[in-house]
Amino acid sequence: MNTANHAAFADLSRPLLSPLPLRERERLAGAWRIASQDIADDIRFIRQYLKVIAEKEERLSTGRLVHGRAYVEACAAWLAETVARYLRNLRLISECESAMIAAGVRFAMSSDAW
C-alpha cells in the first residue's frame with residue numbers, strides 16, 4: 001500500500017470525536033459530497049454554454065451558422081440558471097464545511113481524496 005493510501009486508511013481507523021449524532025454527520029457529509037459533484041457538472045455546462053455563445057457568429061464552410069440562433073439564446077438563458085445553481089452549490093459546500101469543521105467531522109480537501 002502506498003504512503004498516501006496508508007495515511008488515509010490509518011486516519012479512518014481512529015474514531016471520530018464529534019458531538020453530532022451519526023445520522024447528522026452522514027447528512028452533512030452527503031450534502032457536501034452531492035454539492036461537490038454537482039458543482040463539477042455546473043462548471044462543465046458553464047464552459048459549454050460560454051463556448052456556444054462565443055461561437056454564435058461562426059459559420060461552417062457552407063456559410064451556415066455553427067449554432068442556430070434559438071440554441072444560442074437558449075444557452076444564454078441556461079447559462080444564467082447554471083451560474084445561479086453553481087453559486088448555490090458553492091454556498092452549500094461552504095456551509096457544510098463550516099458545520100463539519102465545528103463538529104469535528106473530517107472531509108476530503110480535494111476530489112483526489114474521495
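Given the structure is predicted, the values throughout are model-derived calculations rather than measurements. Each residue takes its place number in the sequence, starting with 1.
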Trace of the salt bridge (Lys or Arg N to Asp or Glu O under 4.0 Å) decision for R91 with E95:
CA-CA 6 Å; R91 181 181 181 107; E95 290 171 353; 2.9 Å; yes
First locate atom [atom1] of [X], then atom [atom2] of [Y], and finally report the distance between them rounded to the nearest 0.5 Å.
X: C96; Y: I101; atom1: SG; atom2: CD1; value: 11.0 Å
X: I34; Y: I39; atom1: CD1; atom2: CD1; value: 13.5 Å
X: H67; Y: R59; atom1: NE2; atom2: CZ; value: 12.5 Å

Each residue besides L60 in its hydrophobic cluster should be listed here, by chain and number; the cluster joins Ile, Leu, Val, Met, Phe, Trp and Tyr at side-chain heavy-atom distances under 4.5 Å.
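Same cluster as L60: V66.
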Extract all donor-acceptor atom pairs below 3.5 Å that involve side chains of residues 40-54 and protein atoms in other chains or at least two apart in sequence.
| from | atom 1 | to | atom 2 | distance (Å) |
| --- | --- | --- | --- | --- |
| D42 | OD1 | R85 | NE | 2.8 |
| D42 | OD1 | R85 | NH2 | 3.3 |
| D42 | OD2 | N89 | ND2 | 2.8 |
| K51 | NZ | E55 | OE2 | 3.2 |

Would the number of heavy atoms belonging to other residues, nucleotides or ligands and lying under 6.0 Å from CZ of R23 be above 12?
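Open: at most 12 neighbouring heavy atoms sit under 6.0 Å from CZ of R23.
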Write down the atom of L92, the atom of A31, and the distance for their closest heavy-atom approach.
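Nearest heavy atoms, L92 then A31: CD2-O, 4.2 Å.
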Can R64 and E58 be said to form a salt bridge (Lys or Arg N to Asp or Glu O under 4.0 Å), step by step?
CA-CA 8 Å; R64 215 175 153 166; E58 289 190 21; over 6 Å; no
Check the pair E24, R27 against salt bridge (Lys or Arg N to Asp or Glu O under 4.0 Å), reporting the backbone distance first and the verdict last.
CA-CA 5 Å; E24 183 65 16; R27 186 194 67 75; 2.8 Å; yes
Not counting sequence neighbours, which residues clear side chain to side chain contact (heavy atoms under 4.5 Å, CB included) with S61? List them please.
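Partners of S61 by the side chain to side chain contact (heavy atoms under 4.5 Å, CB included) criterion come out as none, since no residue qualifies.
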With a 4.5 Å cut-off on side-chain heavy-atom distances among I, L, V, M, F, W and Y, is there a chain of contacts connecting V72 to L79?
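Yes, because V72 and L79 connect within a single hydrophobic cluster, where side-chain heavy atoms sit under 4.5 Å apart.
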